[in-house]
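What follows is a short report on a single structure.
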Amino acid sequence: MPDADDRSELVAVDPAQLSARLSNAWQRQALDLLSRAVSLPVELQELSQEFHAPEKSSGAIEYVQGKVLINQRLDQIFTAGTEETLALQPGGPRPPELLAAMIERDLDGLNRGTSMRTIYHASTRYHQPTRDYVAKLAKAGGQFRTLDEPYTRLIVIDRRVAVIPVADDMTLAAFIFEPVIANYLVEEVFEPSWNRALEFDGNRAVPQQVVSRLRQTIIDLLLAGINHRVIARRLGISERTLARHIAEMREDYNVESLFQLGYALARASEQPPH
């Protein structure tokens with residue numbers, strides 16, 4: 001640094017003093033950057049809400065690409081405060097990692113008074129992680145039912161936002177911010193499905209009606225020439241569970257082959273009720 005007595009001359013600086021001075025300056029800069037980083041989400045929160053909120057007078061459709069972004073968008077809506085969530089969730093058991101990520105959010109919503117009704121496929125009754133998730137939420141006030149017939153995915157929030165799939169692989173979703181459409185989907189799609197579905201509280205015991213329908217579907221698929229692995233995946237059950245159903249059906253009808261079993265079931269369905 002310049003000499004105090006002769007500014008044209010340079011003298012060496014004590015490295016310890018230089019280190020302390022630079023360290024203090026850089027710490028101040030780091031704290032300033034950290035403070036700005038922490039405050040940024042709060043500063044942009046209002047702008048973010050305006051960005052995602054459509055005009056209430058005309059409604060809007062927002063397309064979201066990618067499962068991660070779809071779930072993040074749903075979380076934004078849920079955490080903003082909801083009074084009612086309705087969901088049709090086809091496709092068999094939910095992935096355990098997804099259930100683990102959802103349970104705290106859903107329990108928090110139920111504890112705040114949110115009404116929650118969800119329909120799953122009947123095969124979820126054989127899936128332990130899904131049963132555990134349902135049991136915990138049912139105790140907190142959530143309502144669940146299962147339906148073994150084909151239906152499409154649908155989520156409706158406060159009857160003002162409807163979420164429907166656009167792509168078959170569920171990687172593109174449409175968020176419809178229109179109460180008229182949301183109400184229509186509730187009354188014409190969700191409620192009729194809810195009325196046909198069977199109550200599900202996470203109990204391990206499976207109603208006989210569910211077992212009978214599932215086994216009839218298994219027979220239909222087997223007689224159509226579909227292999228065990230594809231059937232299990234389509235129904236959302238393990239191959240071991242599928243094999244157990246087939247073995248029990250053979251034993252019940254005292255037959256050896258699948259074709260004999262199909263014939264026996266057909267004969268049984270043709271008999272008039274007593």
Side-chain angles (χ1 to χ4, degrees), residues 87-100 117-139 142-154 165 168-170 189-274:
L88 284 164
Q89 299 284 12
R94 316 297 289 156
E97 62 274 13
L98 177 60
L99 295 173
R117 288 190 288 160
T118 304
I119 298 176
Y120 288 130
H121 190 272
S123 59
T124 57
R125 293 177 182 267
Y126 297 93
H127 187 242
Q128 187 63 49
T130 304
R131 287 203 304 266
D132 292 342
Y133 167 84
V134 168
K136 290 180 181 178
L137 266 64
K139 289 181 180 178
Q143 299 179 63
F144 298 87
R145 294 187 178 184
T146 64
L147 190 62
D148 58 2
E149 63 189 56
Y151 57 90
T152 188
R153 191 177 305 274
L154 170 67
D168 292 338
D169 60 359
M170 305 300 170
V189 179
F190 181 85
E191 293 294 357
S193 298
W194 181 261
N195 292 335
R196 294 193 303 273
L198 299 177
E199 291 187 6
F200 179 35
D201 61 2
N203 195 297
R204 187 178 184 87
V206 180
Q208 186 56 43
Q209 186 177 359
V210 173
V211 176
S212 299
R213 291 180 179 179
L214 181 63
R215 289 183 175 181
Q216 184 58 57
T217 302
I218 290 172
I219 290 298
D220 293 341
L221 294 174
L222 285 171
L223 295 179
I226 300 175
N227 66 50
H228 289 201
R229 179 172 299 178
V230 174
I231 292 175
R233 185 170 65 248
R234 186 174 297 182
L235 295 179
I237 59 178
S238 67
E239 291 187 58
R240 178 179 298 180
T241 299
L242 174 62
R244 190 183 75 242
H245 279 295
I246 294 174
E248 290 176 356
M249 284 188 289
R250 285 175 173 170
E251 183 176 346
D252 290 343
Y253 285 90
N254 193 26
V255 297
E256 296 296 331
S257 70
L258 294 176
F259 285 100
Q260 288 175 324
L261 180 59
Y263 178 77
L265 288 172
R267 288 290 302 273
S269 64
E270 293 172 356
Q271 294 178 1
H274 297 290

> CD1/I226 to CG/L221 distance, rounded to the nearest 0.5 angstrom?
Replying inline: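 Separation between the atoms: 4.5 Å.
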> Atom CD1 in I119, atom CD in Q143: separation rounded to 0.5 Å?
Replying inline: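 Between atom CD1 of I119 and atom CD of Q143 there are 11.0 Å.
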> ring pair (Phe, Tyr, Trp, His ring centres under 6.0 Å): which pairs involve residues 190-234, sequence neighbours left out?
Replying inline: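 Only F190-W194 qualify under ring pair (Phe, Tyr, Trp, His ring centres under 6.0 Å).
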Does any part of the side chain of [Y], heavy atoms only, come nearer than 4.5 Å to the side chain of [X], both counted from C-beta?
X	Y	value
Q89	T124	no
R244	E248	yes
P90	H121	no

> What residues, two or more places apart in sequence or in another chain, satisfy salt bridge (charged side-chain N to carboxylate O under 4.0 Å, His left out) together with R117?
Replying inline: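 With sequence neighbours excluded, R117 shows a salt bridge (charged side-chain N to carboxylate O under 4.0 Å, His left out) to E191, given in chain and number order.
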>> I'd like to check the side chain to side chain donor-acceptor pair (under 3.5 Å) partners of D132; sequence neighbours left out, ordered by chain and number.
In response: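 In terms of side chain to side chain donor-acceptor pair (under 3.5 Å), with neighbours along the sequence ignored, D132 is linked to Q128.
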> For Y133, which residues count as a side chain to side chain donor-acceptor pair (under 3.5 Å) partner, sequence neighbours excluded?
Replying inline: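 Side chain to side chain donor-acceptor pair (under 3.5 Å) check on Y133 returns D106.
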Looking only at non-hydrogen atoms, find the nearest pair between [X] and [Y] and report the distance.
X	Y	result
S257	R250	C-NE, 4.4 Å
Y151	L147	CE2-O, 3.6 Å
T152	L88	O-CB, 3.5 Å

>> Can you confirm whether more than 12 heavy atoms, excluding those of E251, are under 6.0 Å from its CD atom?
In response: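 No.
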>> The criterion is side-chain contact (heavy atoms from CB on, under 4.5 Å); which residues satisfy it with N195, sequence neighbours excluded?
In response: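 Counting only residues at least two positions away or on another chain, N195 forms no side-chain contact (heavy atoms from CB on, under 4.5 Å).
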>> I'd like to check the ring pair (Phe, Tyr, Trp, His ring centres under 6.0 Å) partners of Y126; sequence neighbours left out, ordered by chain and number.
In response: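 With sequence neighbours excluded, Y126 shows a ring pair (Phe, Tyr, Trp, His ring centres under 6.0 Å) to H245, given in chain and number order.
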>> I'd like to know if the side chain of R131 reaches the main chain of R125, judged simply by a donor and an acceptor atom lying under 3.5 Å from each other, with no hydrogens or angles considered.
In response: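 Yes: the side chain of R131 pairs with the backbone of R125.
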